[in-house]
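Order of appearance sets the numbers: ligands from 1, and atoms from 1 within every ligand.
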Amino acid sequence: MKKITVIGAGVMGRGIAYTLAISDFDVVIQDISEQALQNAKKQIEKDLEKSISRGYAKVEDREAIAKIVYLEDLEEAGRDADIVIEAVLEDISLKIDVFKKLDAICQPHVIFATNTSTMSPTEIGAQTKRSSQTIAMHFFNPVPRMNLVEVVRGLDTSDETFEKVKQVALQMNKEVVEVSEFPGFVTSRMNCLIGNEAMNMLMEGVASAEDIDKALKLGLNHPMGPLELADLVGLDSRLRNMQYLYETLGEKYRPCPLLIKYVKAGRLGRKSGQGFYKYE
Ligand code: NAD
């Protein structure tokens, strides 16, 4: 498990690639968008320099980061991998499409890991010839700083696949929890519900965004408020998660109308400059 290919160079893909590179893996990152790859490279280098200046990373990590290979071509990206970690948009047909293509490209031993927040590794694995080698590795944002990886076993995932993926996460200096597949796993299911309730309260005029977040941080000891966290995740991503949980788990997960309105308005959180808060 030395050579790892990350598919998708967005917020999560680049965080995963960064953390893998400084953990001594050979990393390839692939995206269909040349622009996304350029942005990822810039952001990864910027994050590294910031981490070095704050003492979180070593000067020698520059060498590891410089070795990351950025590719648009999926075939080239998948050819030599030992494990593929997918971090494209939260859309099950898109994820299945990517893994079906990889199934034809990758060598037989290769493990398929999806960084989905909510969706089914069983459903993805069933569309490939390697359901026993398909699993979810759910990382958290920002990947270099968040300690947990939820490792989610699909119906057919083998013990060997679980152990190998767990070792990769441990080498990345992460803690692992083992989860049996169910929509939203442990964290997204809980987090989406809290976030949605906070949005409903804001819509109902119960309190301002600042006071809702302050109440959860100071009263319930959450390190971040649910609305600032949703802005960090991206409101479009959060809406996709809610829609999937609503379809699979029912009424309790109906997305808050305010969330839908914000996404329609292009208020996507930090990445667009405005969500529940405004950003410079
Ligand atoms: P993002 O929008 O920042 O990035 C997605 C990237 O995928 C884009 O660069 C896009 O160009 C690329 N892409 C789209 N189609 C592709 C394809 N066919 N092949 C290769 N690349 C393709 O999204 P994100 O926030 O990084 O989320 C990615 C995944 O991680 C989602 O499944 C999401 O649910 C999950 N996730 C997100 C967070 C978070 O906080 N954002 C946390 C945990 C898990």
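Residue contacts with ligand 1 for His138 involve side-chain atoms from C-beta outward but no N, CA, C or O (heavy atoms, distance under 4.0 Å). Proximity of Val98 to ligand 1, defined as any heavy-atom pair under 4.0 Å, is confined to the side chain (atoms from C-beta onward). Here Thr118 has no heavy atoms under 4.0 Å from ligand 1, in either its backbone or its side chain.
Salt bridge Lys67/Asp26: absent, no basic N to carboxylate O contact under 4.0 Å. Under 4.0 Å is where a charged nitrogen must lie from a carboxylate oxygen, and between Arg62 and Glu49 at least one such pair does. We find that Asp97 and Lys100 are not joined by a salt bridge, their nearest charged nitrogen and carboxylate oxygen being 4.0 Å or further apart. Salt bridge Asp47/Arg14: absent, no basic N to carboxylate O contact under 4.0 Å.
In this structure, Phe140 does not count as a contact residue of ligand 1, since none of its heavy atoms falls inside 4.0 Å of the ligand. Within the 4.0 Å heavy-atom cutoff, Ala87 counts among the residues contacting ligand 1. Lys95 counts as a contact of ligand 1, since one of its heavy atoms falls under 4.0 Å from the ligand.
If you check which protein heavy atom lies closest to atom 14 (C) of ligand 1, you get Ile32 CD1, 3.9 Å. Counting protein heavy atoms only, atom 43 (C) of ligand 1 is closest to Phe139 O, 3.1 Å. Annotation: atom 3 (O) of ligand 1 to nearest protein heavy atom, Val11 N, 3.0 Å. Regarding atom 12 (C) of ligand 1, its nearest protein heavy-atom neighbour is Asp31 OD2, 3.2 Å. The protein heavy atom nearest to atom 4 (O) of ligand 1 is Gly10 CA, 3.3 Å.
Partner Phe185 forms a side chain to side chain contact (heavy atoms under 4.5 Å, CB included) with one of Val152, Val151, Thr118 and no other, that one being Val152.
Counting heavy atoms from C-beta on, the side chains of Ile44 and Ile65 come closer than 4.5 Å. Side-chain contact between Val186 and Val177 is absent, with no heavy-atom pair separated by less than 4.5 Å. Counting heavy atoms from C-beta on, the side chains of Thr157 and Thr122 never come closer than 4.5 Å. Between Ser120 and Glu181, some side-chain heavy-atom pair lies under the 4.5 Å cut-off.
In this structure, of Met119, Gln30, Arg14, the residue bringing a heavy atom nearest to atom 20 (C) of ligand 1 is Gln30. When the options Val88, Val143, Asn115, Leu89 are ranked by their closest heavy atom to atom 28 (C) of ligand 1, first place goes to Val88. For the residues Met12, Arg238, Glu90, the heavy atom positioned nearest atom 24 (P) of ligand 1 is part of Met12. Residue Leu94 holds the heavy atom nearest to atom 18 (N) of ligand 1 of all those in Leu94, Asp97, Thr114.
At least one N or O atom of Ser117 sits closer than 3.5 Å to an N or O atom of ligand 1. Some N or O of Val233 is nearer than 3.5 Å to an N or O of ligand 1, by distance alone. Residue Lys271 has no nitrogen or oxygen atom sitting less than 3.5 Å from a nitrogen or oxygen atom of ligand 1, judged on distance alone.
Using a 4.0 Å cut-off to heavy atoms of Ala36, the atoms of ligand 1 that qualify are 9 (O). Residue Ile7 approaches ligand 1 through these ligand atoms, each under 4.0 Å from one of its heavy atoms: 20 (C).
A donor-acceptor contact shorter than 3.5 Å links the side chain of Asn200 to the backbone of Asn196.
Residues Met137 and Phe25 share a single hydrophobic cluster, defined by chaining ILVMFWY side chains whose heavy atoms lie under 4.5 Å apart.
Shown here is Glu175, whose CD atom has no more than 12 heavy atoms of other residues, nucleotides or ligands within 6.0 Å.
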